[in-house]
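Chain identifiers are assigned alphabetically (A, B, ...) following the order of the sequence lines, protein sequences preceding nucleic acid strands; residue numbering begins at 1 within each chain. Just so you know, these numbers use all the heavy atoms, side chains as well, and skip hydrogens, waters and symmetry mates.
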Amino acid sequence: MSELRLYNTLSRTVEPFRPAVPGQVRMYVCGMTVYDYCHIGHARAMITFDVVARWLRERGLDLTYVRNHTDVDDKIIQRAAELGEDPLALSQRFVRALDEDLARLGLVEPDIAPKVSEHIPSILAMVQALVDRGHAYEADGDVYFAVESFDRYGQLSGKRIDDLRAGERIAVDARKRHPGDFALWKAAKQGEVSWDSPWGPGRPGWHIECSAMATQHLGDTFDIHGGGIDLVFPHHENEIAQAECATGHGPFARYWMHNGHLTLVDETGEPVKMSKSLGNVIRIRDLADQVPAEAIRILYLDSHYRRPLPFGPTKLQDALMAAERVHLARQVLEGVLASSPSLGSPEADAAAAAGIAATLAGDTAELYELARTFPERFGEAMDDDINTALALAHLFDLVRVTNRFGNDKKAGKRAGPVARIALDAFDLAGRVLGVGGRDSASFFVELTDKLLARQGLSRAEVQARVDQRQEARGARDWARADQLRDELDALGVVLMDGTGGTTWRMRVA
RNA sequence: GGCGACGUACCCAAGUGGUCAAGGGGCGGGUUUGCAAAACCUGUACUCACCGGUUCGAAUCCGGUCGUCGCCUCCA
């Protein structure tokens, strides 16, 4: 087995990943500030670390996965005021929406999903520790972190304190000792949600909650801290400063992983801003209404997580066709297995498969060999800084050989054990990437339902027309049959005449 | 102004010193099919933005040019 290597923003290199406690991994990922529905940009981070978590577990590591909800924040308060809603009620509402959306994308749930509002005591304790240790100071009920008190400030982002252009884009607060100082605790304005503190009623600053929640749940030092590339500065930089100064030692997190941003592009590939004012924000729930999760996951996983990801009009379509291709192949294997059952135990199947492959040779032997060695190639790709695009490419290699195997009529009746081995490979991809593991029937039911809904058609309508055409075909009335097929085609229905009858599916494009 | 990332075929995209430059989509040809669809086979980059350099050898390393994007302010 290859060695897992991860890019560490701290060192700006790909490093061998060695958890602090062998066999155990503690990972914290910055979740969302919950004041609106999550969009395709957020999903990149969520899916990236979902796959990281899945791969760590697949490798047998005992993972504790924490992903927070920031439910107390300026933007939440502002939005709540606009809507005349209680801030915590509003954030609670969007936490639920987020959970729904992520579940629809097939994300594994974090072990712990801490909320700021439920961690005020540990946040206050950390702020107090920072004040006690001389890293923070109070001013009019606010408490600020003094960046000059931490000599490694800027290490993660590669910035130097002196380079931070004070006042360049935001007015300098005269109460700060250094323009880079940031709020740990903000005094409450009239009527704002607040908690009591030694500095008067207030609420946490933006960065402190992650330091406090991460150390509370994972300890002073943990293995992986993840988030979007935009969080490197100032959020993660500040998290490090707060945590390491409060605990008195580092490192806070040993490996820092950051996903690249998704950018919207138009038909010509030119970048377009995604913003509410332009009305082009694409929400996860809207995407999930249109296509199965597998397609969305392929869309993201088909490029490396650190690269920028241009999201254009054809992307979803391409990914959907790829997802369909995977499941058409899986369907072939399920079909073979149905007529030539597995022997029941993995060992028996493995032994039988080897024998059958040797006897039948050709495409059967090739599939056997490719499927047998699949975990190795797949694992190497994943170990190489989570190269999901390469891992998917390996899956598609398997898809092609599977289809070739499926075309080989003489193999079908005896090749159950070989199909079983190949399905194991699909299942591996399913466990790690969330692509290819689901039984094809349920995939196609979901896909068809979603595409029918887009066309405003019902299953019964389509089936009735398909039956009519079958009658015509039975009577060898080809003209009539072709006419009916053309009509169905115009509705987006594709027919497949097979030996066992005609099946239909909705055209993806 | 500072820091950083990226530029691979018609589109998306892996590859970061050495066998034919993965994979997906598209397009052309073929097999199969009543005809199709799906599938398979096959053709689609003698070349990796451009210009120099290092090297026996570079898409991969170094320097420069052009272009795009991000962060430095809330942001996944």
Side-chain angles (χ1 to χ4, degrees), chain A residues 9 12 29-33 35 38-49 73-75 78 154 157-160 162-166 168-171 180 206 226-235 237 258-263 265 267-271 298-299 302-304 306-315 317-326 328-329 331-332 363 381 384 387-397 399-408 473 476-479 481-482 485-486 489 493-499 502-505 507-509:
Chain A
T9 306
R12 292 172 196 282
V29 173
C30 283
M32 275 183 54
T33 299
Y35 67 99
C38 71
H39 59 63
I40 55 175
H42 300 119
R44 180 135 204 234
M46 299 297 120
I47 288 179
T48 294
F49 292 101
D73 166 271
D74 289 351
K75 281 198 293 262
Q78 189 188 329
S157 56
K159 297 186 188 302
R160 287 174 307 166
D162 299 339
D163 284 345
L164 302 178
R165 295 195 136 217
E168 180 85 347
R169 305 174 75 166
I170 189 167
W206 174 38
I229 186 80
D230 53 295
L231 295 179
V232 172
F233 189 91
H235 186 57
E237 195 69 71
H258 293 99
N259 63 275
H261 264 195
L262 177 146
T263 56
V265 297
E267 306 74 30
T268 65
E270 285 300 304
I298 287 176
L299 160 57
D302 198 36
S303 69
H304 187 90
R306 282 193 280 118
R307 292 290 203 97
L309 176 65
F311 183 96
T314 64
K315 273 269 178 177
Q317 234 27 271
D318 286 359
L320 184 50
M321 289 203 222
E324 191 179 37
R325 183 167 158 77
V326 169
L328 282 167
Q331 197 168 47
V332 166
D363 294 328
D384 184 13
N387 193 338
T388 54
L390 186 57
L392 274 175
H394 291 318
L395 179 63
F396 284 109
D397 286 337
V399 163
R400 186 180 328 99
V401 176
T402 294
N403 285 325
R404 219 185 281 158
F405 163 78
N407 287 344
D408 184 357
R473 288 189 75 215
R476 300 200 161 256
D477 183 353
W478 305 126
D482 289 352
R485 183 177 56 204
D486 289 346
D489 184 73
V493 180
V494 182
L495 299 170
M496 301 201 283
D497 297 329
T499 46
T502 293
T503 57
W504 61 272
R505 47 182 242 289
R507 187 174 44 233
V508 157

- Item | Distance between P atoms of B:rG63 and B:rU54 (Å, rounded) | 15 Å
- For B:rG52, give its Watson-Crick or G-U wobble partner with both distances under 3.5 Å, or none. B:rC62
- Message: Rounded to whole Å, please give me the gap between CG in A:Asp230 and P in B:rC69.
- Response: 17 Å
- Which of these nucleotides, B:rG23, B:rA76, B:rC11, is closest to any side-chain atom of A:Met32? B:rA76
- For B:rC27, which nucleotide in any strand shown is its Watson-Crick or wobble partner with both distances under 3.5 Å? B:rG43
- Message: In the structure I gave you, are the side-chain heavy atoms of A:His39 and A:Leu262 within less than 4.5 Å of one another anywhere?
- Response: no
- When you check the phosphate oxygens OP1 and OP2 of B:rC40, does a side-chain N or O of A:Asn403 lie under 4.0 Å from one of them? yes
- Would you kindly check whether a donor in the side chain of A:Asp482 faces an acceptor in the base of B:rG34, or vice versa, at under 3.5 angstrom? yes
- Query: B:rG23 base stacked by A:His394? Criteria: ring centres under 5.5 Å, plane angle under 30°.
  - Reply: no
- Under a 4.0 Å N-O cut-off, is there an ion pair linking A:Asp318 with A:Lys315? no
- Query: Are any of the side-chain heavy atoms of A:Cys30 and A:His235 separated by less than 4.5 Å?
  - Reply: yes
- No-H, no-angle donor-acceptor pair, A:Arg473 side chain to B:rG34 base, under 3.5 Å: yes
- What is the base-pairing partner of B:rA21, counting Watson-Crick and G-U wobble geometry with both distances under 3.5 Å? none
- Distance in angstrom units between A:Asp408 CG and B:rC40 P, rounded: 14 Å
- Query: Going by heavy atoms in the side chains, are A:Arg507 and A:Asp489 under 4.5 Å from each other?
  - Reply: yes
- Query: Under 4.0 angstrom, heavy atoms only, what part of the nucleic acid is A:Asn387 near: base, sugar-phosphate, or nothing?
  - Reply: sugar-phosphate
- Result for 5'-nearest mapping on RNA chain B, choosing between A:Val494 and A:Gly260, is A:Val494
- Is there a donor-acceptor pair closer than 3.5 Å between any side-chain N or O of A:Arg307 and the backbone N or O of A:Gly260? no
- The residue, A:Leu309 or A:Met46, whose nearest nucleotide of RNA chain B is more 5′ is A:Leu309
- Query: A:Leu299 has an atom CG; how far is it from atom P of B:rA14, in whole Å?
  - Reply: 13 Å
- Closest to the A:Ala389 side chain, choosing from B:rA14, B:rC71, B:rA76: B:rA14
- Would you indicate what A:Leu231 reaches in the nucleic acid, counting non-hydrogen atoms under 4.0 angstrom: base, sugar-phosphate, or nothing? sugar-phosphate
- Message: Rounding to an integer number of angstrom, what distance separates B:rG15 and B:rC51 when you compare their P atoms?
- Response: 25 Å
- Task: Please work out if A:Arg485 contacts a base, only the sugar-phosphate, or nothing of the nucleic acid, heavy-atom cut-off 4.0 Å.
- Result: base
- Rounded interatomic separation in angstrom, taking CG from A:Leu390 and C1' from B:rG15: 8 Å
- Message: How many whole angstroms separate atom CG of A:Leu262 from atom P of B:rA76?
- Response: 13 Å
- Between B:rG18 and B:rA59, how far is it from one C1' atom to the other, in whole Å? 13 Å
- Query: Contact class for A:Gly312 (heavy atom, under 4.0 Å): base, sugar-phosphate, or nothing?
  - Reply: nothing
- Would you please confirm or rule out a distance under 4.0 Å between OP1 or OP2 of B:rC12 and any side-chain N or O of A:Arg307? no
- Query: Has A:Phe396 got its ring stacked on the base of B:rG24, with centres under 5.5 Å and planes less than 30° apart?
  - Reply: no
- Hey, does the side chain of A:Arg325 come within less than 4.0 Å of B:rA38's phosphate (OP1/OP2), counting only N and O? no
- Task: Among B:rC69, B:rG23, B:rC11, find the nucleotide with the atom closest to the side chain of A:Ala393.
- Result: B:rG23
- Message: At 4.0 Å (heavy atoms only), tell me whether A:Gly227 reaches a base, stays on the sugar-phosphate, or touches nothing.
- Response: sugar-phosphate
- Any donor-acceptor pair under 3.5 Å between the side chain of A:Arg160 and the base of B:rC3? no
- Nearest-Å distance for atom pair CZ/P, residues A:Arg306 and B:rG70: 19 Å
- Query: Should B:rC6 form a Watson-Crick or G-U wobble pair with both distances under 3.5 Å, which nucleotide is its partner?
  - Reply: B:rG67
- Tell me, do A:Arg404 and A:Asn407 make a side-chain contact under 4.5 Å, heavy atoms counted? no
- Query: Touch check for A:Ile229, heavy atoms < 4.0 angstrom, all strands: base, sugar-phosphate only, or nothing?
  - Reply: nothing
- Message: Using atom P in both nucleotides, what's the gap between B:rC62 and B:rC27 to the nearest angstrom?
- Response: 40 Å
- Query: What does B:rG34 pair with, Watson-Crick or G-U, if both distances are under 3.5 Å?
  - Reply: none
- Task: Could you check whether A:Asp74 gets within reach of a base, just the sugar-phosphate, or nothing at all, counting any heavy atom under 4.0 Å?
- Result: nothing
- Note on the structure: The nucleotide from B:rC41, B:rC11, B:rA13 with an atom nearest the side chain of A:Arg400 is B:rC41
- Message: Using atom C1' in both nucleotides, what's the gap between B:rC56 and B:rC61 to the nearest angstrom?
- Response: 16 Å
- Message: Closest approach to the side chain of A:Phe233, judged atom by atom: which nucleotide of B:rG34, B:rC71, B:rC11 is it?
- Response: B:rC71
- Starting at CG of A:Leu395 and ending at C1' of B:rA14, how long is that distance when rounded to a whole Å? 15 Å
- Determine the Euclidean distance between corresponding P atoms of B:rC41 and B:rC46; express it in Å to zero decimal places. 23 Å
- Query: B:rC40 P sits how many Å from A:Arg404 CZ, rounded?
  - Reply: 8 Å
- Message: What contact category does A:Asp302 fall into here, base, sugar-phosphate, or nothing, at under 4.0 angstrom with non-hydrogen atoms?
- Response: base
- Please determine, for the side chain of A:Met321, which listed nucleotide (B:rG26, B:rA38, B:rA76) has the closest atom? B:rG26
